[in-house]
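To keep things clear, I will list the structure first and then write my remarks on it.
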Amino acid sequence: MNLSILIPLLNEEESLKELYTWIIKVMQSNNYSYEIIFVDDGSTDNSWQIIEGFSNENPSVKGIRFMKNFGKSQALHAGFAKAKGDVIITMDADLQDSPDEIPELYEMITAQKFDLVSGWKKKRYDSVVAKNLPSKLFNWAARKTSGVELNDFNCGLKAYKNVVVKNIEVSGEMHRYIPVLAKNAGFGKIGEKVVIHQARKYGETKFGMERFINGFLDLITIWFLSRFGKRPMHLFGAMGSLMFIIGFLSAGYIGVSKLYHMYTGMKYTLVTNNPWFYIALTTMILGTQLFLAGFLGEIILRTKSNEARYKVAREVNF
């Protein structure tokens, strides 16, 4: 199978018919073998009924319905697990991503041998203050932190080799950083393509300003996980040991200094009256806690279970 088109969605009943017709037209004009996977992330409108209608008339249309809204990352994770195409294309259901971009994205993966190609909405039709400026700042920080030179991490229109999506773990709100996850998994050939961004035709965006705050927090998380996710003791243990040693030596110096003053008959104060003693004691306590955090992290890492992060209510055509 040439292509898997993966579309996560939430309450997009107005746009689904037009999007489906547009994708089918592109598939047929290029003679692709394909599947379209809609992942309904807990919609409360008629989105799922529309998807079921598509699947009844076209066996290449498949659907996954979550029991409630679990988030875009979980929707992508569920779709990636089911996708069978040699190339997987992800796109949003709001018609802001153009299916006409699919052939070129497919060509970049199959002919130019990219592992992953991310869309770049160079010209946007969103609010400048609410979306464009925060997005530019966010993408700049993501480039500097991750080392992945992309201009638009947030673009939902991306193309992947099948092997890429089968070897990355998308959880939490990490869908923004799939290129970073791919890089950390060993897929180094990551490209970018300028794509058409269309103004939203129906409904309202499901993402507010809080997504940028969450995005920066997730960026810190993924930076940490990429470096110390498999060895938390290397960070917390090292920091804890260093702080404990510094505190211990400082407390020892304070005690020895008092004994020396007593021995030579010099004026001295009680150790407990010396503020540096409490600083040293606090440093030792913090060092011990950091060491224990690293130790517990190692234990959790070795005993964790892969609990499902979402619940599926229904599936069609799988």
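These numbers were taken from a predicted model, which means no experiment stands behind them.
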Heavy-atom side-chain contact between Asp45 and Glu14 under 4.5 Å
no
For the residue pair Asn69 / Asp41, report whether a side-chain donor-acceptor contact shorter than 3.5 Å exists.
yes
Would you name the heavy atoms of Arg143 and Val148 that are closest together and state the gap between them?
CG-O, 3.5 Å
Under a 4.0 Å N-O cut-off, is there an ion pair linking Glu315 with Lys62?
no
So, the side chain of Asn139 versus the backbone of Asn151: is there a donor-acceptor pair under 3.5 Å, distance only?
yes
Answer yes or no: is there a donor N or O on one side and an acceptor on the other, between the side chain of Lys68 and the main chain of Lys311, under 3.5 Å?
no
What heavy-atom pair brings Ser15 and Asp94 nearest, and what distance separates the two atoms?
OG-CA, 4.1 Å
Answer with yes or no whether the hydrophobic clustering places Val26 together with Ile89; edges join I, L, V, M, F, W, Y residues whose side-chain heavy atoms lie under 4.5 Å apart.
yes
Asn167 meets the side chain to side chain contact (heavy atoms under 4.5 Å, CB included) criterion, sequence neighbours left out, with Val163, Phe187
Without swapping roles, check the side chain of Ser257 against the backbone of Ile254 for a donor-acceptor pair under 3.5 Å.
no
Roughly how far, to the nearest 0.5 Å, is the OG1 atom of Thr44 from the CG atom of Leu10?
7.0 Å
Lys121 versus Val195: any side-chain heavy-atom pair under 4.5 Å?
yes
SB check Asp92 Lys72 (cutoff 4.0 Å)
yes
According to the ring pair (Phe, Tyr, Trp, His ring centres under 6.0 Å) rule, which pairs have a member within residues 2-25, sequence neighbours left out?
Tyr20-Phe54
Among pairs that include at least one residue of residues 89-118, which meet ring pair (Phe, Tyr, Trp, His ring centres under 6.0 Å), considering only residues two or more places apart or in two chains?
Tyr32-Tyr106
Closest non-hydrogen atom pair between Val165 and Ile88, with its separation
CG2-CD1, 3.9 Å
Can you check whether Ser250 reaches Thr283 side chain to side chain, under 4.5 Å on heavy atoms?
no
What pair of heavy atoms forms the shortest contact from Glu35 to Ala83, and how long is it?
OE2-CA, 3.4 Å
More than 12 foreign heavy atoms under 6.0 Å from CD of Glu107: is that the case here?
no
Using the test side chain to side chain contact (heavy atoms under 4.5 Å, CB included), find all partners of Ala75 that sit at least two apart in sequence or belong to another chain.
Pro8, Val39, Phe66
For Met1, is the CE atom crowded, meaning more than 12 foreign heavy atoms sit under 6.0 Å from it?
yes
For residues Lys161 and Ile109, report the shortest heavy-atom separation together with the two atoms involved.
CG-CG2, 3.7 Å
Can you tell me which residue pairs pass the ring pair (Phe, Tyr, Trp, His ring centres under 6.0 Å) test with a partner in residues 72-91, sequence neighbours excluded?
His77-Tyr310, Phe80-Tyr160
Taking all atoms of both residues into account, what is the closest heavy-atom pair of Ala78 and Ile64, and its distance?
O-CD1, 3.9 Å
Pair Asp40 + Arg314: basic N to acidic O under 4.0 Å:
no
Flag yes if more than 12 heavy atoms outside Tyr253 fall under 6.0 Å of its OH atom; otherwise flag no.
no
Side chain proximity check, Asn46 to Trp48, heavy atoms < 4.5 angstrom
no
Can you confirm whether more than 12 heavy atoms, excluding those of Lys166, are under 6.0 Å from its NZ atom?
yes
Go through the side-chain N and O atoms of Glu12 and Ser47 and say whether any donor and acceptor fall under 3.5 Å apart.
no
Side chain to side chain contact (heavy atoms under 4.5 Å, CB included) partners for Glu104, two or more places apart
Lys193
Say you draw a straight line from CG of Leu19 to CG of Leu9; how long is it, rounded to the nearest 0.5 Å?
9.0 Å
Working to the nearest 0.5 Å, report the span between CG of Asn58 and CE of Met27.
11.5 Å
Is atom NZ of Lys25 surrounded by more than 12 heavy atoms (other residues, nucleotides or ligands) closer than 6.0 Å?
no
Quick check against the 3.5 Å criterion: does Glu101 have a side-chain atom that pairs as donor or acceptor with the backbone of Ile196?
yes
